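The model shown is predicted, which means the values in this text are computed figures rather than measured ones.
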Amino acid sequence: MADLAIIWDWLGFGVRWLHVITAIAWIGSSFYFIALDLGLRQAPDLPKGAHGEEWQVHGGGFYHVRKYLVAPAEMPDHLTWFKWESYSTWLSGAALLMVVYWAGGELYLIDQAKADLALWQGIAISAASLTVGWIVYDVLCKSRLGEHPTVLMLLLFGLLVAMGYGYNQIFTGRAMMLHLGAFTATIMTANVFFIIMPNQRIVVKDLQEGRTPDAKYGKIAKLRSTHNNYLTLPVVFLMLSNHYPLAFASQYNWLIAALVFLMGVTIRHFFNSMHARKGKPYWTWAVTAILFIAIMWLSTAPLTQSDLEDEEARALTPTEQVYADAAGFEDVTDIVLGRCSMCHAREPGYDGIHRAPKNVLLETPSEVAAYAQQIYLHAGVTNAMPPANVSWMEPEERRAIVAWYRAARS
């Protein structure tokens with residue numbers, strides 16, 4: 001059972017690695033085609049139906065690219081579809097959500113101080129919210145609002161802010177940020193799977209069967225693609241936020257997330273304008289900097305933490321009780337309090353540490369039991385903690401942590 005913790009941690013690492021790789025592929029192709037689309041030029045020798053062309057140089061060669069708004073007169077023998085980058089990113093992200101936040105839900109998902117929910121209820125809310133969010137968004141896009149892109153974008157922003165606030169009423173700050181990112185990524189991938197790709201297939205089929213494709217399908221796909229363009233950068237921020245307590249542990253974390261979505265708009269507006277050769281709106285840099293400063297200011301609000309007296313009085317969960325009853329728990333508690341709590345405290349005492357790393361608190365026996373697996377992996381099996389062994393944890397102390405954890409899991 002102890003080895004299962006190591007295997008599970010490596011599984012999480014592997015899935016996270018896969019998620020990053022697929023995300024790079026998806027974001028890279030998305031950014032490339034947005035830049036290509038905006039940079040198309042008119043030319044006198046364009047074929048019938050061609051909207052524009054672009055000459056590019058890369059890798060020692062030249063590329064001549066032309067875009068057709070509907071389709072060329074004849075379909076080529078080979079046609080490359082860009083879809084698996086998106087699907088693979090979402091699937092690997094969903095797997096990572098299950099590995100970290102569903103399997104580790106007792107620690108990372110539900111905040112019992114906010115909502116008294118069973119783990120299965122939290123998982124159900126997690127899964128259902130992603131589906132419901134897509135349905136609401138899709139209905140808005142298919143309504144008359146689809147003819148008013150700016151109004152639709154404002155409503156989408158309102159939906160994202162509302163979801164962030166709602167998640168924060170139930171989940172931990174870390175889970176709130178992650179779920180808002182997953183919620184947004186679900187919209188983006190569903191746009192590809194349910195709208196963009198089916199519309200492209202309709203156009204291809206019409207052309208193959210000798211019919212003139214309807215230009216409306218390209219227009220619809222363009223709207224969804226534009227949304228994906230502006231949502232990409234905030235999703236990356238939200239996925240990285242779990243490493244930074246100043247982002248996820250602030251009581252205003254949902255508002256920080258809202259400002260990040262606005263930053264995504266200002267940053268992409270600059271690059272979209274530049275690629276479209278409409279100038280470089282440097283004012284977006286100033287707006288982005290102001291938004292980021294506002295985020296830093298919001299992060300200085302008191303962190304969302306349990307009170308020390310309340311934590312000491314809190315009843316242990318069944319899982320925590322297993323670790324508390326295992327042989328060696330008192331010795332390990334003394335080790336952790338002596339070697340780790342100067343940083344992992346509500347008021348850190350180590351010079352230069354102002355917030356507990358990742359908002360992990362290790363000041364009470366209940367907190368030692370709650371973070372048992374992390375202590376085992378980071379300070380027992382490996383010497384990742386304390387960093388550079390600044391508190392001089394001895395080899396026999398690490399062996400004591402390993403023995404305690406394995407006794408609890410045996």
Side-chain angles (χ1 to χ4, degrees), residues 16 19-20 22-31 34 83 85-98 100-101 109 125-141 145 149 152-196 223-244 247-248 253-269 272 291 295:
R16 191 181 300 274
H19 186 51
V20 170
T22 55
I24 290 172
W26 183 19
I27 294 170
S29 62
S30 174
F31 281 4
I34 287 290
K83 57 183 180 179
E85 297 92 339
S86 173
Y87 303 162
S88 300
T89 301
W90 189 88
L91 289 171
S92 59
L96 191 59
L97 176 70
M98 296 174 189
V100 176
Y101 289 91
L109 185 62
I125 292 172
S126 169
S129 66
L130 304 183
T131 302
V132 172
W134 156 251
I135 292 173
V136 172
Y137 163 79
D138 189 50
V139 169
L140 289 174
C141 288
L145 291 169
L152 185 58
M153 281 290 287
L154 291 174
L155 286 175
L156 174 57
F157 174 69
L159 174 63
L160 293 170
V161 174
M163 287 303 300
Y165 180 82
Y167 280 137
N168 198 47
Q169 306 310 303
I170 300 172
F171 296 151
T172 65
R174 177 174 170 173
M176 182 282 290
M177 287 287 200
L178 188 284
H179 276 78
L180 188 57
F183 175 86
T184 308
T186 297
I187 287 176
M188 295 170 66
T189 297
N191 275 339
V192 175
F193 185 81
F194 291 112
I195 304 298
I196 297 173
L223 175 67
R224 304 300 183 102
S225 180
T226 299
H227 290 170
N228 284 6
N229 175 35
Y230 283 104
L231 293 174
T232 299
L233 295 181
V235 169
V236 174
F237 179 97
L238 293 169
M239 295 307 179
L240 293 174
S241 67
N242 71 94
H243 298 286
Y244 297 92
F248 72 76
N253 48 20
W254 64 275
L255 191 53
I256 288 174
L259 295 182
V260 168
F261 280 106
L262 295 180
M263 288 176 62
V265 172
T266 57
I267 294 171
R268 290 308 302 161
H269 179 68
N272 290 344
L291 289 171
I295 286 173

Q: Sequence neighbours left out, what passes side-chain contact (heavy atoms from CB on, under 4.5 Å) with Ile125? Give chain and number order.
A: Leu117, Ile170, Phe171
**Q.** Pair Ser126-Tyr101, side-chain donor/acceptor within less than 3.5 Å
**A.** no
**Q.** Distance, nearest 0.5 Å, that separates NE2 of His179 from CG of Leu130
**A.** 6.5 Å
Q | Any residue meeting ring pair (Phe, Tyr, Trp, His ring centres under 6.0 Å) with Phe248, in chain and number order, not counting sequence neighbours | A | none
Q.
If I compare all heavy atoms of Ile295 with all of Ile256, which pair ends up nearest, and what's the gap?
A. CG2-CG2, 3.7 Å
Q. When rounded to the nearest 0.5 angstrom, what distance separates CZ in Phe261 from OG1 in Thr184?
A. 3.5 Å
Q) What pairs with Trp134 under side chain to side chain donor-acceptor pair (under 3.5 Å), at least two apart in sequence or on another chain? A) none
Q. CG/Asn229 to OG/Ser30 distance, rounded to the nearest 0.5 angstrom?
A. 6.0 Å
Q. So, for Leu223 and Pro149, which heavy atoms are closest and what is the spacing to 0.1 Å?
A. CD1-CB, 4.3 Å
(Q) Going by the rule ring pair (Phe, Tyr, Trp, His ring centres under 6.0 Å), which residues pair with His269 if we only count those two or more places apart in sequence or in a different chain? (A) Trp283
Q | Contacts of type side-chain contact (heavy atoms from CB on, under 4.5 Å), residue Thr189, not counting sequence neighbours | A | Trp26, Ser86, Tyr87, Trp90
All N/O donor-acceptor pairs, side-chain side in residues 231-240, below 3.5 Å, sequence neighbours left out:
residue	atom	partner	partner atom	Å
Thr232	OG1	Asn228	O	2.7

Q. What's the shortest heavy-atom distance between Leu145 and Leu152, and which atoms?
A. O-CB, 3.9 Å
Q.
One pair to check against side-chain contact (heavy atoms from CB on, under 4.5 Å): Met163 and Leu180. What are the steps and the verdict?
A. CA-CA 7 Å; Met163 287 303 300; Leu180 188 57; 4.1 Å; yes
Q: Working to the nearest 0.5 Å, report the span between OG of Ser241 and CG of Asn253.
A: 9.0 Å
Q.
So, using side-chain contact (heavy atoms from CB on, under 4.5 Å) as the criterion, who are the partners of Val161 when residues are at least two apart?
A. Phe157, Trp254, Ala258
Q | CD1-CG distance between Ile267 and Leu291, expressed to the nearest 0.5 angstrom | A | 9.0 Å
Q. Can you name the salt bridge (charged side-chain N to carboxylate O under 4.0 Å, His left out) partners of Arg224, sequence neighbours left out?
A. Asp138
Q: Go through the structure and list residues passing side chain to side chain donor-acceptor pair (under 3.5 Å) with Tyr244, not counting sequence neighbours.
A: none
Q. How close do Gly164 and Met176 get, heavy atom to heavy atom, and via which atoms?
A. O-CG, 3.5 Å
Q: Please test Arg268 against Ile34 for side-chain contact (heavy atoms from CB on, under 4.5 Å), starting from the C-alpha separation and ending with a verdict.
A: CA-CA 10 Å; Arg268 290 308 302 161; Ile34 287 290; 3.9 Å; yes
Q.
What's the separation between atom OG1 in Thr266 and atom OH in Tyr230, rounded to the nearest 0.5 Å?
A. 10.0 Å
Q) What residues, two or more places apart in sequence or in another chain, satisfy ring pair (Phe, Tyr, Trp, His ring centres under 6.0 Å) together with Phe31? A) none
Q | Test item: Thr89 and Met188 side chains (from C-beta on) under 4.5 Å apart, heavy atoms | A | no
Q: Tell me, please, which residues at least two apart from Tyr137 pass side chain to side chain donor-acceptor pair (under 3.5 Å).
A: Asn191, His227
Q) Under the side chain to side chain donor-acceptor pair (under 3.5 Å) test, which residues partner Ser92, sequence neighbours left out? A) His19, Thr22
